[in-house]
Amino acid sequence: MARVLLFGPLRDLAGWRERDIAEAASISALKALLAEEDERLGEALSGPGVKVAVDQAIVNGDIAIGPRAEVAFLPPMSGG
Amino acid sequence: MARVLLFGPLRDLAGWRERDIAEAASISALKALLAEEDERLGEALSGPGVKVAVDQAIVNGDIAIGPRAEVAFLPPMSGG
Amino acid sequence: MISLTDTPLRPGELLTRFCEDRSETGAVATFTGIARADSGEGTILELEAYPGFTEAEIGKIAETARGRFGLDDILILHRIGRITPGEAIVFVATAAKHRRAAFEACDFLMDYLKSRAPFWKKEHGPASARWIQPREEDHADVARWEKEKS
Amino acid sequence: MISLTDTPLRPGELLTRFCEDRSETGAVATFTGIARADSGEGTILELEAYPGFTEAEIGKIAETARGRFGLDDILILHRIGRITPGEAIVFVATAAKHRRAAFEACDFLMDYLKSRAPFWKKEHGPASARWIQPREEDHADVARWEKEKS
């Protein structure tokens with residue numbers, strides 16, 4: 001079971017900030033699952049500049065997700 | 001009568017900070033008078049980088065001193 | 001020390017504490033960023049961070065600054081949540097032996113914070129809200145340090 | 001506001017007051033110069049000003065900075081008299097709409113204050129005292145701004 005976090009405009013778009021999602025074993029599987037539910041969110045998750053962090057570390061490409069992973073989708077940052 | 005002010009190392013050298021001097025009608029006359037009293041001070045007053053202010057404004061060259069003028073000898077500044 | 005808070009910053013009190021017992025420091029530079037009421041309207045800023053991740057990323061920037069400028073100390077406090085005009089958004093303080101290092105490090109830290117730090121910022125105007133991106137100027141500011149490095 | 005004082009500066013309290021009611025300002029930069037105990041010995045600094053003249057000369061520098069950097073406000077407090085290590089010698093604060101102007105103005109003001117302001121500074125060491133001149137670095141720092149102007 002992964003905990004999924006959305007930030008900034010992604011959170012606004014999805015209408016939620018944080019969810020537990022049980023069934024996804026990889027980033028790509030997780031994205032596919034979220035896209036199935038909400039096509040616009042699915043597109044936005046793969047949009048330009050969106051980074052993915054697993055357990056608070058930025059990851060590149062598709063990786064496997066452990067059962068207690070925290071997966072965060074980070075849209076382009078605004079700065080402070 | 002002019003009020004004469006010395007700052008920084010000039011004050012240390014002369015042993016005084018502030019004096020009223022009646023007899024000098026110009027900067028050059030004032031310097032001559034002070035040099036007569038104290039040769040080392042006289043040299044220092046014309047030393048490199050020493051500026052003269054009359055009534056708190058820097059002056060260049062010899063000028064007449066009014067009866068109530070404040071004449072300050074400003075050695076090279078240390079900065080703050 | 002790096003910290004995020006959803007309560008008002010008190011830059012003066014932070015500076016007082018930062019200056020204590022610094023008889024070997026010489027130079028303390030600070031920057032306070034204040035939310036502006038540009039339009040005169042009741043604009044509210046909303047700042048979102050990723051708790052843990054945001055502090056860690058700022059920490060990396062701070063460590064870079066510490067090494068690059070030879071700092072004695074760094075303090076970074078950043079507001080999150082809803083911020084009204086006139087409130088401080090960010091307070092950065094740097095301590096160094098000489099003033100050039102303190103100034104440059106403070107400038108460097110602010111440039112990074114304004115363009116690279118993991119915050120998401122929404123501006124709530126009187127009629128609508130929008131997510132904000134760094135300005136062109138912010139990107140240009142941070143690029144100065146990358147040029148100098150090479 | 002420009003002021004000389006022979007009592008300890010309180011940079012934090014000065015910053016608190018300087019930041020009040022600044023909903024149009026955006027950026028406040030400060031610099032605090034602290035007397036260092038370089039040698040570990042009981043060194044005391046003695047700063048002498050020419051009351052009236054010194055404030056007026058600093059005022060000219062401040063007006064130049066206000067125009068050159070488009071500042072909203074400037075605060076300069078400078079200690080005179082005997083200063084022990086760890087005490088603040090100078091506090092400069094600048095307020096501007098954007099941070100680059102606030103930083104550069106604060107940097108500019110400090111460079112002028114350190115090399116051109118009419119102070120005479122004596123260092124009382126454990127055994128002897130000496131009058132101090134600006135360092136080579138101070139002259140180089142202030143020259144940066146004269147080059148840029150042309």
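Remember, it's a predicted structure, so these values are computed and weren't measured experimentally. Residue numbers begin at 1 in each chain, while the letters A, B, ... track the order of the sequences.
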Note to self: As a quick check of understanding, evaluate side chain to side chain contact (heavy atoms under 4.5 Å, CB included) for C/Asp107 and D/Arg100, giving each step before the final call.
What the structure shows: CA-CA 8 Å; C/Asp107 194 8; D/Arg100 182 114 337 273; 3.0 Å; yes
If one checks every heavy atom of D/Ala27 against chain C at 4.5 Å, the contacting part turns out to be both
When the 4.5 angstrom heavy-atom criterion is applied to D/Phe18 and chain C, the contacting part is neither
Ranking C/Gly33, C/Gly86, C/Cys19, C/Gly26 by heavy-atom pairs under 4.5 Å to chain D gives rank one to C/Gly26
Most heavy-atom pairs under 4.5 Å with chain D, out of C/Ala95, C/Cys106, C/Ala88, belong to C/Cys106
Cut-off 4.5 Å, heavy atoms of chain D, and the answer for C/Arg17 is neither
So, the part of C/Ala29 with a heavy atom under 4.5 Å from chain D: the answer is both
Nearest heavy-atom approach of D/Arg36 to C/Lys97 is NH1-O, 2.9 Å
Ring pair (Phe, Tyr, Trp, His ring centres under 6.0 Å) filter on C/Phe31, not counting sequence neighbours, yields D/Phe103
Residues 70-86 of chain D vs side-chain hydrogen bond (donor to acceptor under 3.5 Å, both in side chains), sequence neighbours excluded, gives D/Arg22-D/Asp73, D/Thr25-D/Asp72, D/Arg79-D/Glu87, D/Thr84-D/Glu87
State plainly whether the residues C/Arg99 and D/Asp111 are in salt-bridge range, i.e. N to O under 4.0 Å.
yes
Taking a cut-off of under 4.5 angstrom between non-hydrogen atoms, the residues of residues 5-13 of chain D near chain C are D/Pro11, D/Gly12, D/Glu13
Ordered numerically, the heavy-atom neighbours of chain C under 4.5 Å found in residues 49-62 of chain D are none
